Amino acid sequence: MAQSLEQKFVFTGRDFLDLDDYTSEELRYLLDLAIDLKKKQKAGEVYHPLKGKTLGMIFEKSSTRTRVSFEVGMYQLGGHALFLSRNDLQIGRGEPISDTAQVLARYLDGIMIRTFAHTTLTDLAKYANIPVINALTDWSHPCQAMADYQTVLEEKGRLEGLKIAFVGDGNNMAHSLMMGAAKFGMTCAIASPEGYWPADEMTKKSQEVASQTGGHILVTADPKEAIADADIVYTDVWASMGMEEEQKIREKAFAAYQVNEELVRYAKPDYMFLHCLPAHRGEEVSAGVIDGRNSRIFDEAENRLHAQKAIMAAIM
Ligand code: CP
Ligand code: NVA
């Protein structure tokens with residue numbers, strides 16, 4: 001599969017900064033590759049396309065899933081991963097990202113970064129002449145969205161024509177899910193309180209993409225409208241990393257947006273519940289829903305590993 005893929009698409013050396021940098025066909029190829037690599041791993045097949053290669057992993061925010069899945073993923077692909085926290089790097093003491101990028105590119109074969117401002121990611125990519133992967137910024141979380149759509153594809157057998165409802169903050173997760181839905185020809189309905197909607201720029205870009213793929217993007221303040229007949233119901237924390245001081249204000253603003261038993265009655269009976277995690281039970285989601293029979297959160301978390309292995313194998 002890897003060979004036929006390479007004949008059709010050119011991935012080598014590219015960054016993975018956002019889903020809009022890739023065509024629908026390329027993204028779909030990466031999902032199929034992820035499913036293929038997952039099968040290989042489960043069958044105990046050794047696959048080492050990244051033998052001798054090193055990924056640097058820069059973290060300016062906390063992480064459980066991202067750190068472990070990238071590190072294990074590199075190992076399984078025959079390579080090595082280096083954990084670089086902000087406090088241990090000179091960027092924490094003011095070394096410019098441009099210098100950091102050019103230095104790291106002399107040692108490494110790829111860099112993964114989790115940071116605050118999206119411009120830190122794009123600056124790193126601009127100055128590092130090796131592939132750079134977005135492992136979450138305040139703007140987007142494309143690796144998570146790839147794992148999410150892999151999880152949906154595995155269960156539903158298709159993506160096109162399905163409806164995903166995202167109820168909660170119009171944040172980085174909402175942005176990447178919306179663009180992914182547009183790329184895959186899906187309907188994406190985001191319900192957030194006014195003032196917490198996704199950025200207009202992202203909504204417009206996703207709507208443009210959707211108009212080419214048969215998808216549909218909708219933003220509303222009404223959670224029932226968003227969730228009506230949804231195949232996938234998604235939520236995320238109300239206060240993302242870096243917004244901790246807004247927690248109390250946000251709890252009030254989002255009180256009517258909890259995904260609970262009452263709300264999911266409007267979704268399709270066989271809906272899948274997804275959450276990127278970490279979750280706050282009793283806030284954005286009730287325990288009954290996140291721990292209930294429609295929840296696929298641990299398959300979703302596992303797929304971070306497989307989806308990112310596909311991305312790394314393709315671009316590195
Ligand atoms: N979903 C996600 O990115 O989890 P971590 O913050 O634990 O990496
Ligand atoms: N929106 C959340 C996602 C965490 C994986 C955050 O940025 O904190």
Side-chain angles (χ1 to χ4, degrees), residues 16-19 34 55-74 81 83-86 111-121 133-152 164 166-180 188 190-193 196-199 202 232 234-247 249-251 253-254 257-259 273-281 283-285 290 295-309 311-312:
F16 193 81
L17 305 185
D18 261 321
L19 299 182
L55 176 79
M57 310 191 300
I58 303 177
F59 281 91
E60 297 204 83
K61 292 175 176 172
S62 308
S63 168
T64 296
R65 282 143 287 269
T66 305
R67 179 191 172 169
V68 177
S69 57
F70 267 105
E71 192 163 335
V72 170
M74 263 316 270
F83 175 69
L84 305 165
S85 86
R86 176 191 167 80
I111 305 175
M112 179 239 84
I113 181 167
R114 164 166 289 194
T115 188
F116 293 87
H118 199 70
T119 49
T120 306
L121 167 80
I133 300 173
N134 177 357
L136 181 148
T137 67
D138 292 342
W139 177 254
S140 57
H141 197 4
C143 291
Q144 179 70 52
M146 289 297 280
D148 299 336
Y149 288 122
Q150 180 192 340
T151 313
V152 174
I164 178 167
F166 179 96
V167 179
D169 187 20
N171 62 13
N172 44 10
M173 231 20 273
H175 283 175
S176 290
L177 289 170
M178 188 157 80
M179 180 52 77
C188 178
I190 310 258
S192 319
Y196 295 95
W197 285 17
M202 190 48 118
I232 306 119
Y234 203 115
T235 189
D236 183 15
V237 291
W238 291 337
S240 285
M241 289 181 275
M243 296 175 176
E244 288 76 9
E245 76 291 350
E246 290 179 38
Q247 177 68 28
I249 300 172
R250 283 171 172 262
E251 276 173 26
F254 286 92
Y257 289 79
Q258 186 188 72
V259 175
F273 175 78
L274 298 179
H275 189 310
C276 56
L277 305 177
H280 296 165
R281 287 166 177 77
E283 289 183 30
E284 75 273 9
V285 61
I290 195 169
S295 179
R296 299 289 179 273
I297 55 169
F298 299 116
D299 296 324
E300 178 189 11
E302 176 188 334
N303 283 339
R304 291 294 302 280
L305 171 67
H306 310 297
Q308 289 157 193
K309 280 173 72 180
I311 294 165
M312 292 191 290

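Every heavy atom of this structure was used, including side-chain atoms; hydrogens, water molecules and symmetry mates were not. Since we're looking at a predicted model, the values are computed, not measured. Order of listing sets the numbers, starting from 1, for every ligand and every atom in it.
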Query raised in the report: Which atom names give the shortest non-hydrogen contact between Cys143 and Phe70, and what distance separates them?
Result: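 It is SG-CZ, 4.0 Å.
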Requested in this report: Could you pull out every protein residue that has a heavy atom closer than 4.0 Å to ligand 1, ordered by chain and then number?
Outcome: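 For ligand 1, the residues that come within the 4.0 Å heavy-atom cutoff are Ser63, Thr64, Arg65, Thr66, Arg114, His141, Gln144, Cys276, Leu277, Arg304.
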Query - Any pair counted as salt bridge (charged side-chain N to carboxylate O under 4.0 Å, His left out), so long as it reaches residues 55-66, sequence neighbours left out - result: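 Counting only pairs at least two positions apart or across chains, the salt bridge (charged side-chain N to carboxylate O under 4.0 Å, His left out) contacts touching residues 55-66 are Glu60-Arg86, Lys61-Asp138.
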Would you mind writing out a table of all protein N or O atoms found under 3.5 Å from any N or O atom of ligand 2, naming both atoms and giving the distance to 0.1 Å?
residue  : atom  : partner : partner atom : Å
ligand 2 : 1 (N) : Asn171  : ND2          : 3.3
ligand 2 : 1 (N) : Asn172  : OD1          : 2.9
ligand 2 : 1 (N) : Asp236  : OD2          : 2.6
ligand 2 : 1 (N) : Ser240  : OG           : 2.8
ligand 2 : 7 (O) : Asn172  : ND2          : 2.9
ligand 2 : 7 (O) : Ser240  : OG           : 3.4
ligand 2 : 8 (O) : Met241  : N            : 2.8

List the atom pairs, donor and acceptor, that lie under 3.5 Å between side-chain atoms in residues 167-178 and the rest of the protein, sequence neighbours left out.
residue : atom : partner : partner atom : Å
Asp169  : OD2  : Arg250  : NH1          : 3.0
Asn171  : OD1  : Met173  : N            : 3.0
Asn171  : OD1  : Ala174  : N            : 3.1
Asn171  : ND2  : Asp236  : OD2          : 2.8
Asn172  : ND2  : Thr137  : O            : 3.0
His175  : ND1  : Trp139  : O            : 2.8
His175  : NE2  : Ala199  : N            : 3.0
Ser176  : OG   : His141  : N            : 2.8

Query raised in the report: Looking just at side-chain N and O atoms, do Ser69 and Gln308 make a donor-acceptor pair shorter than 3.5 Å?
Result: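 Indeed, the side chains of Ser69 and Gln308 share at least one donor-acceptor pair under 3.5 Å.
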Keeping the roles fixed (side chain from [X], backbone from [Y]), state whether a donor-acceptor pair exists under 3.5 Å.
X	Y	value
Arg114	Ala135	yes
Glu244	Gly242	yes
Glu284	Gln258	no

Query - Student check: side-chain heavy atoms of Glu283 and Val237 closer than 4.5 Å - result: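 Not touching, per the 4.5 Å side-chain cut-off.
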Report task. Look at the aromatic rings of His275 and Tyr234 and report parallel, tilted or perpendicular, splitting at 30° and 60°. Result ->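 Parallel.
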